[in-house]
Structures are given as C-alpha cells and as structure tokens.
Amino acid sequence: MTGTTRVDFYQLSRDPVDVTVAKLARKVLQAGERLVVVSAEAAQREHLSKILWEQGGAAFLAHGMAEAPHAARQPILLADACDAPNGARMALIADGQWREEAIRFDRVLLLFDGAQRDAAADLWRRFAQDETVDNRINKQDENGTWREGR
C-alpha cells in the first residue's frame, strides 16, 4: 500500500465490542468492501462469528475464519493477525491492540475501551505526527449513532 492510511479510533462507551463490530461490518459490506476483523483471542473471534451469523434472516453477515478453507472467498474474515487472504483493504481491530502491520491497509478501525484509553491516546499522538496517517476519532451518541469528532 502506498499513500495515506486512515485510522479511525472508536472508543467503546454505549455498545459493547460485538455490537459495534456487527454495525461497522455491515457498513463496510454495504460500501462494497471486504474486511478483516482482528483479535488475538480465539474466544472473542468465536463469539464475534456467532454474532455475525445471528444478525437475523437475510441480514446475516457472511464471514469465515482466516485459517479456514476458502478464506479468500469470504467478504469478512476473523483473524488473529493483520493478514488479508480475502483481499480486504480494511481492517477492524476488535481487541484494541494496535499492530504495526495494520498500517498496510487503506483504512483501519481501532476499537478500544476505557481500560485501553491511555494506549489509544498515545497512539493518537504518535499518528498526529505522521504524515502517512490520517487519524480520526469517532464518538457514539446516546442513540448509538457513531459520529466523527475531535
């Protein structure tokens, strides 16, 4: 990847990580993009898989595990690393742990909670000094809508 990577920071406040992943994944698919959802925790990946399938009827979000056969066909992959066998240009980091290899994607959605706030703030300050990163913050209002903020 060349040029600028956009990194969107999402501080979890109202909705838990699984609800937020489902909402963001739906938007990514609606935009015609592919996605890699990254978490080091196998239990979290399994839970997210269940949530994505349970979206209801025709609204389920088709996905698979990165290590499974036919991973390249999946519009959404759940993975423990920032690799994209499905050709995704977007990554969603569900466990809040920044990985340097994420910078290879065109856009990264970094979810973090209150316990990870200081690490996210340090990362934000680092990216603010980096001309190759376009960092943005997203805040959730009382209705659950995410809006870009400062």
Fill in: N-O pairing of R136 and D134 below 4.0 Å
yes
Worksheet item: Which distance, rounded to the nearest 0.5 Å, do you find between the CE of M90 and the CZ of R6?
Response: 8.0 Å
Worksheet entry | Whether over 12 other heavy atoms sit under 6.0 Å from R117 CZ | no
Item to complete: Of all the heavy-atom pairs spanning A88 and V36, show the shortest one and how long it is.
Response: CB-CG2, 3.8 Å
Practice prompt. Measure the acute angle between the ring planes of H63 and W53, then classify it against the limits of 30° and 60° as parallel, tilted or perpendicular.
Written response: tilted
Worksheet item: Just wondering, more than 12 heavy atoms not from R89 lying within 6.0 Å of its CZ?
Response: no
Discussion item. With a 3.5 Å distance limit and no angle check, can you tell me whether T5 reaches the backbone of I103 through a side-chain donor-acceptor pair?
Written reply: yes
Discussion item. Treating N143 as the side-chain partner and T145 as the backbone partner, does any N or O pair qualify as donor plus acceptor under 3.5 Å?
Written reply: no
Discussion item. For a quick test of reading the model, state the closest non-hydrogen atom pair linking F105 to A84 and the distance between them.
Written reply: CE2-CB, 3.8 Å
Item to complete: Check the pair L24, L111 against side-chain contact (heavy atoms from CB on, under 4.5 Å), reporting the backbone distance first and the verdict last.
Response: CA-CA 11 Å; L24 293 173; L111 308 186; 3.8 Å; yes
Practice prompt. Find the distance between CG (D18) and NZ (K23) and round it off to the nearest 0.5 Å.
Written response: 11.0 Å
Worksheet item: So, the side chain of Q116 versus the backbone of D113: is there a donor-acceptor pair under 3.5 Å, distance only?
Response: yes
Worksheet item: Is the distance between the ring centroids of F112 and W124 under 6.0 Å?
Response: no
Item to complete: State, to 0.1 Å, how close R107 and D8 come at their nearest heavy-atom pair, and which atoms those are.
Response: NE-OD2, 2.6 Å
Can you give each donor-acceptor pair under 3.5 Å made by side-chain atoms of residues 72-81, sequence neighbours left out, with the distance rounded to 0.1 Å?
unit_1 : atom_1 : unit_2 : atom_2 : d
R73    : NH2    : H70    : ND1    : 3.4

Discussion item. Within this structure, what is the CG-CG distance for the pair L109 and L92, rounded to the nearest 0.5 Å?
Written reply: 5.0 Å
Item to complete: Could you tell me which non-hydrogen atom of E101 sits nearest to which non-hydrogen atom of C82, and how far apart they are?
Response: CG-CB, 3.4 Å
Worksheet item: From M65 CE over to S49 OG, what is the distance, rounded to the nearest 0.5 angstrom?
Response: 4.0 Å
Worksheet item: What's the shortest heavy-atom distance between L52 and A25, and which atoms?
Response: CD2-CB, 4.4 Å
Practice prompt. Output, in order, the C-alpha distance, side-chain angles, deciding distance and verdict of side-chain contact (heavy atoms from CB on, under 4.5 Å) for V21 and I51.
Written response: CA-CA 9 Å; V21 167; I51 295 298; over 6 Å; no
Worksheet item: Nearest 0.5 Å, what's the CG-CZ distance between N135 and R126?
Response: 10.5 Å
Response to the item:
In short, D83 meets R104 closest at the heavy-atom pair OD1-NH2, 3.5 Å
Item to complete: Keeping the roles fixed (side chain from R99, backbone from Q97), state whether a donor-acceptor pair exists under 3.5 Å.
Response: yes
Worksheet item: Is it true that the side chains of Q140 and D15 contain a donor and an acceptor less than 3.5 Å apart?
Response: yes
Worksheet item: Just how far is it from atom CG of L35 to atom CZ of R26, taken to the nearest 0.5 Å?
Response: 12.5 Å
Practice prompt. Starting from the C-alpha separation in whole Å, work towards a yes-or-no answer on side-chain contact (heavy atoms from CB on, under 4.5 Å) for V17 and Q44.
Written response: CA-CA 10 Å; V17 67; Q44 184 179 43; 3.6 Å; yes
